[in-house]
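Single-structure report; data block below.
The analysis underlying the following values was restricted to heavy atoms, covering all of them including side chains, and did not include hydrogens, waters or symmetry mates. This one's a predicted model, so the numbers in the text were calculated from it and none came from an experiment.
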Amino acid sequence: MNRHFFGDTAVLLGRSLRHISRSPDTIITTAIMPIAFMLLFVYVLGGAIQTGSDSYVNYLLPGILLITVASGISYTAYRLFLDMKSGIFERFQSMPVARSSVLWAHVLTSLVANLISLVVVVLVALAMGFRSGAGALAWLAVAGIVMLFTLALTWLAVIPGLTAKSVDGASAFSYPLIFLPFISSAFVPTQSMPGPVRAFAENQPVTAIVNTIRDLFAEQQVAGDIWVALAWCAGLLVVAYGVAMSIYRRVVS
């Protein structure tokens, strides 16, 4: 690793965060869709959905948090694509800058921006009646799982950011990720789904992550879902990071 890596990453992170501060509408846009889903399901559809929970917003929030992340990472691919097309990568290559710091700056910016959006969504959920007696450790565990999920998806977003041929192509990859929670336990119990759909829902990463977060919020004993959730997040992170760095080295070589 280049000995200037951390310093270079900090400088480039500051650059990316300044872009975010000058364009706060990206964070607002990221939060709007999850909040709209939350309002729709709680106040329009929630009364017709049987979850066995006293509060549907409590049942719903974990899935909404993951949708928020999936929505936010599209901007990572978008910003990275713009940097690629603007020639900034070529300029950095001519300077004594650690190559990987360019990508890490975008990734860390995504973590910061998504964290802000997640806080906004949680505040809206609290206004809608979300309540949890979870202690500090449980909240930290939730934050850790969500941030690990964000990190994994962000590195996944780097791939289209580096390879897309258009702005639309760079950001459109996130659409399947946004709708993946709909085929999971995020909105309804999987027991209500027909056989093939239920099999898919119970064996995809969103269900394990949602169930883990829901148990932590409800102060219930976390079952084996937490290990499945961590395995999915870690596995996706390792694969996405490896592929993204391989593509990046080929692009800048």
Run the numbers on Y59 and F41 for ring-ring contact (aromatic ring centres under 6.0 Å, His included), then give the verdict. CA-CA 11 Å; Y59 184 90; F41 275 88; over 10 Å; no
The salt bridge (Lys or Arg N to Asp or Glu O under 4.0 Å) partners of R198 (sequence neighbours excluded) come to E202
A229 meets the side-chain contact (heavy atoms from CB on, under 4.5 Å) criterion, sequence neighbours left out, with A208, I209, T212
Applying ring-ring contact (aromatic ring centres under 6.0 Å, His included) to F173 and not counting sequence neighbours gives none
Table please: side-chain donor-acceptor pairs of residues 69-77 below 3.5 Å, with sequence neighbours left out.
from: S74; atom 1: OG; to: S71; atom 2: O; distance (Å): 2.8
from: T76; atom 1: OG1; to: S110; atom 2: OG; distance (Å): 3.2

For Q221, the side-chain contact (heavy atoms from CB on, under 4.5 Å) test, sequence neighbours excluded, returns none
Under a side-chain separation threshold of 4.5 Å, the hydrophobic residues clustered together with V228 are W232
Residues passing the ring-ring contact (aromatic ring centres under 6.0 Å, His included) test with F81, sequence neighbours excluded, are none
**L236 vs L153 side-chain heavy atoms within contact, under 4.5 Å** = yes
Across all chains, not counting sequence neighbours, the side-chain contact (heavy atoms from CB on, under 4.5 Å) partners of I247 are I159, L162, T163, V243, R250, V251
| Any L103 side-chain heavy atom under 4.5 Å of L80 side chain | yes
For residues 176-188, the side-chain hydrogen bond (donor to acceptor under 3.5 Å, both in side chains) pairs (sequence neighbours left out) are S185-N211
Contacts of E219 meeting salt bridge (Lys or Arg N to Asp or Glu O under 4.0 Å) (sequence neighbours excluded), chain-then-number -> none
L148 meets the side-chain contact (heavy atoms from CB on, under 4.5 Å) criterion, sequence neighbours left out, with L230, C233, L237
Contacts satisfying side-chain hydrogen bond (donor to acceptor under 3.5 Å, both in side chains) that involve residues 130-151 (not counting sequence neighbours) are none
